[in-house]
S.K.: 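So that we are looking at the same thing, I have put the structure below in structure tokens.
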Amino acid sequence: MRQSKSFIPTLKEVPNDAVVPSHILMLRGGYVRALAAGIYSFLPLGYRVVKKVCEIIREEMDAIGGQEFHLPALNPREIWEETGRVQAFGDTMYHLKNRDYVLAPTHEEIITFHARKVVKSYKDMPQTWYQIQTKFRNEARPRSGVIRGRQFLMKDSYSLDVDEEALNKSYRLHDEAYRKIFTRAGLNFFVVGASSGAMGGSGSEEFMVRSDAGEDVVAHCEGCGYAANLEVATSKIDPVGREKDSREIYEISTPNVKSIDELCAFLNINERQTAKSRVYICENTPVLILMSGNDEVNETKLQKALGADVRPAHPDELKEITGADAGSIGPVGFTGKIIADNRIKESNNLFSGANKNDFHIGGIDFLRDLPNIQYADLRSVESGEGCPNCGKPLGVFTAIELGHIFKLGTKYSASMGANYLTEEGEEKPIVMGSYGIGVERVIACSIEQSHDEYGIVWHKSIAPFQVHLLGLNMKKEVIVEASEKVYKQLTDAGLEVLFDDREDAQAGFKFKDADLLGMPIQVIIGEKKLAENKAEIKIRKSGERLEVPLENLAGTVKELLDKI
RNA sequence: CGGGGUAUAGCGUAGCCCGGCUAGCGCGCCUGGUUUGGGACCAGGAGGUCGCAGGUUCGAAUCCUGCUACCCCGACCA
């Protein structure tokens with residue numbers, strides 16, 4: 001494609017409202033433009049990337065027997081009423097004003113609608129149906145460019161099976177296909193086994209990419225691949241344990257000592273010798289939580305331990321419940337429920353608040369002094385702690401969810417009456433799975449993972465073009481002639497080439513644009529090298545430069561492409 | 001939805017506190033010329049309802065009120 005005739009509006013400066021690298025670079029490179037918050041147009045170059053990603057997805061989905069559909073985005077609301085999801089989605093679902101339609105945020109209902117009409121026998125299964133299509137969600141807060149939009153492209157597939165065992169097979173096939181897809185796209189991803197969540201069903205995995213632009217916090221082990229959402233992640237840490245002799249309880253005057261750090265400094269003790277108290281309200285009843293030192297309470301874990309929602313107590317409630325303000329609260333004398341983190345299970349000689357402002361208590365023995373105490377895993381894993389599987393240090397960081405696979409079970413088939421007849425003539429609901437990939441996220445993650453201060457560094461599999469051919473001075477006849485020849489040679493060899501044939505752009509300008517746009521290979525035709533019948537090749541990723549004879553340039557480029 | 005921020009030419013911005021503007025600058029754009037290996041130079045030129053609507057004032061980009069849009073943090077997230 002000739003750049004002189006292409007619409008590639010690159011930007012030298014960073015647009016005011018972009019902050020994450022992928023967003024900045026997509027805008028600067030002329031890949032996308034915003035239409036409104038969370039709504040983006042893909043420009044020609046960007047759409048080429050979209051098509052590349054979709055093609056990889058298609059190939060791998062087809063390879064596991066997937067059949068591509070094209071389903072409507074406009075759906076009658078009543079179909080969504082059948083599963084109660086109009087209410088479940090709430091404000092996230094778009095409703096039309098002048099007809100009783102909704103814009104589909106996903107397609108379980110539509111798939112189930114078709115399945116119940118035609119999939120009537122065990123002989124009709126298994127089926128894997130997929131589509132790559134725009135989804136609409138009225139996100140409360142779109143952000144990070146294309147990463148969280150109100151309208152986005154999603155590949156979603158649905159498996160239809162006769163029973164759990166068959167579902168497991170479909171699920172495994174998707175798991176493998178997803179790994180292939182993300183690997184082919186050049187992504188450095190990892191897989192988090194998640195709880196099934198609001199989708200229902202019995203199992204799910206999330207495919208994640210590490211990124212500062214991510215919205216999920218995960219703990220990940222490079223060593224063995226262990227990965228878990230921070231909400232459920234665990235680690236190997238040393239318990240505080242017990243000292244040989246328990247001291248007596250004693251009260252200490254600790255004026256103006258509020259935090260654990262201040263307490264440690266005041267008493268010249270280690271934070272592991274302290275028990276931090278936090279008060280939560282659970283079903284209108286106060287619960288005292290004890291953590292070791294500065295360990296943070298993980299509210300998700302706490303809710304799981306209590307089996308109900310919690311909220312931190314307000315400051316005025318603290319005083320009423322404990323008789324003290326935050327900073328002086330402790331378990332001794334507390335009459336309500338007490339739960340301590342496993343790290344300080346059955347410990348002794350600990351310091352904590354005295355439930356009296358400006359006083360703390362020392363010598364607390366959980367076994368002796370707190371007969372009704374319970375224990376649970378309540379702390380959030382921190383970076384560097386041991387992996388629960390292999391003991392190597394865990395990394396805790398944010399990540400972007402690229403894909404999610406679910407075992408749905410019969411949630412939708414049962415509520416919508418999508419039943420089939422078994423070999424024995426028994427009527428049963430179809431057992432379903434649901435598998436999604438965020439197409440734009442694949443692109444954004446790729447950029448998040450692969451860029452430098454100059455621009456994007458595309459992985460060859462999803463780059464809009466494999467080669468960026470730069471004719472440096474297109475006012476010189478020799479350069480024009482030579483670069484036209486090279487353009488022909490490369491395209492004839494089946495390479496995808498973006499040819500910077502612009503007459504009015506200077507060399508430096510073209511170099512900057514090429515680095516920004518990020519094609520894996522740059523072929524540079526300049527006067528000096530041309531005198532020796534050579535072109536220069538720059539590998540975008542490494543910055544490496546090679547001088548290559550014009551004859552069989554295409555062959556050399558192909559070899560290089562194979563290597564990177 | 002709560003908190004914070006921003007809105008001036010296609011992009012990036014100055015001016016706003018302390019009203020006096022005929023709104024300044026860089027990039028980009030147009031014309032002509034020079035240049036040509038890392039976002040060139042010279043000369044000339046076009047381009048603005050200062051987000052919108054009210055108000056205060058002799059006078060508003062600037063002060064006040066309301067609204068809208070966008071960004072960030074949080075809540076939420078099949």
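Quick note on labels: first sequence line is chain A, next is B, and so on, each numbered from 1. The figures here come from the full heavy-atom set of this structure, side chains too, leaving out hydrogens, waters and symmetry mates.
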S.K.: When the C1' atoms of B/G66 and B/U56 are compared, how many Å lie between them, rounded to an integer?
M.R.: 15 Å
S.K.: A/Pro15 side chain: which of B/C1, B/G12, B/G37 is closest?
M.R.: B/G12
S.K.: Just call it for A/Thr83: base, sugar-phosphate, or nothing, with non-hydrogen atoms closer than 4.0 Å on any strand.
M.R.: nothing
S.K.: Roughly, in whole Å, what's the span from CG in A/Leu472 to C1' in B/G37?
M.R.: 6 Å
S.K.: Would you find more than 12 non-hydrogen atoms of other residues, nucleotides or ligands less than 6.0 Å from A/Asp212 atom CG?
M.R.: no
S.K.: Starting at atom CZ of A/Arg311, determine the distance to atom P of B/G2, rounded to an integer number of angstrom.
M.R.: 20 Å
S.K.: Return one dot-bracket line describing RNA chain B 5' to 3' (Watson-Crick or G-U wobble pairs, both distances under 3.5 Å; ( ) same strand, [ ] crossing, | another strand, . none).
M.R.: (((((((..((((......[...)))).((((((.....)))))).....(((((..]....))))))))))))....
S.K.: Quick one: pull up CE in A/Met26 and CD1 in A/Ile447 and give me the separation to the nearest 0.5 Å.
M.R.: 4.0 Å
S.K.: Would you mind reading off the distance between A/Met93 atom CE and B/C77 atom P, rounded to a whole angstrom?
M.R.: 16 Å
S.K.: Among B/U36, B/G74, B/G26, which nucleotide sits nearest the side chain of A/Arg141?
M.R.: B/G74
S.K.: Are any of the side-chain nitrogens in A/Lys411 or A/Glu108 under 4.0 Å away from the carboxylate oxygens of its partner?
M.R.: no
S.K.: Verify the distance criterion only: is there a donor paired with an acceptor across the side chains of A/Ser157 and A/His174 at less than 3.5 Å?
M.R.: yes
S.K.: Between A/Ile525 and A/Ala18, name the one whose nearest nucleotide on RNA chain B is closer to the 5' end.
M.R.: A/Ile525
S.K.: For a quick check of understanding: with a heavy-atom distance under 4.0 Å over all strands, which category does A/Asp17 fall into, base, sugar-phosphate or nothing?
M.R.: sugar-phosphate
S.K.: Rounded off to whole Å, could you give me the CG-to-P distance for the A/Asn138 and B/C1 pair?
M.R.: 10 Å
S.K.: Using atom CD of A/Glu139 as one end and atom C1' of B/C70 as the other, report the distance to the nearest whole Å.
M.R.: 17 Å
S.K.: Would you say the ring centers of A/Phe113 and A/Phe69 fall short of 6.0 Å from each other?
M.R.: no
S.K.: Which pairs pass salt bridge (Lys or Arg N to Asp or Glu O under 4.0 Å) with one or both residues in residues 12-22 of chain A, sequence neighbours excluded?
M.R.: none
S.K.: Rounded to whole angstrom, note down the C1' distance from B/A23 over to B/G5.
M.R.: 24 Å
S.K.: Report each atom pair, protein N/O against N/O of nucleotides 38-42 of chain B, whose distance is under 3.5 angstrom.
M.R.:
residue	atom	partner	partner atom	Å
B/G38	O6	A/Arg545	NH1	3.4
B/G38	O6	A/Arg545	NH2	2.0
B/G38	N1	A/Asp515	OD2	3.2
B/G38	N2	A/Asp515	OD2	2.4
B/G39	O2'	A/Lys12	NZ	2.7
B/G39	O6	A/Arg28	NH2	3.2
B/G39	N1	A/Asp513	OD1	3.1
B/G39	N2	A/Asp513	OD1	3.4
B/A40	N9	A/Gln506	OE1	3.3
B/A40	N7	A/Gln506	OE1	2.9

S.K.: Between B/A46 and B/C30, how far apart are the two P atoms, rounded to whole Å?
M.R.: 15 Å
S.K.: Taking the C1' atom in each of B/C11 and B/G55, what is the distance between them to the nearest angstrom?
M.R.: 34 Å
S.K.: Before we go on, tell me: are the rings of A/His23 and A/Tyr40 under 6.0 Å apart, centre to centre?
M.R.: yes
S.K.: Is any side-chain N of the basic residue among A/Arg116 and A/Glu82 closer than 4.0 Å to the acidic one's carboxylate O?
M.R.: yes
S.K.: What nitrogen or oxygen pairs link the protein and nucleotides 3-8 of chain B at under 3.5 Å?
M.R.:
none

S.K.: Under the salt bridge (Lys or Arg N to Asp or Glu O under 4.0 Å) definition, can you give me all pairs with a residue in residues 441-452 of chain A, not counting sequence neighbours?
M.R.: A/Asp452-A/Arg540
S.K.: Salt bridge or not for A/Asp504 and A/Arg502, using N-O below 4.0 Å?
M.R.: no
S.K.: Do you know which two heavy atoms are closest between A/Asp91 and A/Asn138, and how far apart they sit?
M.R.: O-ND2, 3.1 Å
S.K.: Hey, is A/Asp156 close enough to A/Lys135 for a salt bridge, meaning N to O under 4.0 Å?
M.R.: yes
S.K.: By nearest nucleotide on RNA chain B, pick out whichever of A/Glu13 and A/Gly526 is the more 5' one.
M.R.: A/Glu13
S.K.: Before accepting this row, confirm whether a basic side-chain N of the pair A/Arg311/A/Glu317 lies closer than 4.0 Å to the acidic partner's carboxylate O.
M.R.: yes
S.K.: Would the distance check show the side chain of A/Gln489 and the main-chain N or O of A/Ala554 forming a donor-acceptor pair, the cut-off being under 3.5 Å?
M.R.: yes
S.K.: Regarding A/Met154, tell me which of base, sugar-phosphate or nothing describes its non-hydrogen contacts under 4.0 Å with the strands shown.
M.R.: base
S.K.: Rounded to whole angstrom units, what separation is found between the CG atom of A/Asp212 and the P atom of B/C73?
M.R.: 11 Å
S.K.: Enumerate the residues from residues 34-50 of chain A whose closest heavy atom to RNA chain B is under 4.0 Å, giving them by residue number; use none for an empty result.
M.R.: A/Ala36, A/Ala37
S.K.: To the nearest Å, give me how far apart CG (A/Leu530) and P (B/U36) are.
M.R.: 17 Å
S.K.: Roughly, in whole Å, what's the span from CZ in A/Phe406 to C1' in B/C77?
M.R.: 11 Å
S.K.: For the C1' atoms, the ones on B/G45 and on B/G39, what distance do you get once it is rounded to whole angstrom?
M.R.: 23 Å
S.K.: Shortest non-hydrogen contact from A/Arg150 to A/Ala140?
M.R.: NH2-O, 3.7 Å
S.K.: Quick test of your reading of the model: are A/Glu484 and A/Arg2 salt-bridged, counting only N-O distances below 4.0 Å?
M.R.: yes
S.K.: What distance, rounded to whole Å, do you find between the two P atoms, one in B/U22 and one in B/C67?
M.R.: 31 Å
S.K.: Have a look at A/Lys135 and say if it touches a base, only the backbone sugar-phosphate, or nothing, with a 4.0 Å heavy-atom cut-off.
M.R.: nothing
S.K.: Pick the P atom in B/C63 and in B/U8, then give their distance to the nearest Å.
M.R.: 16 Å
S.K.: Considering only the P atoms, how many Å lie between B/C72 and B/G12, rounded to the nearest integer?
M.R.: 14 Å
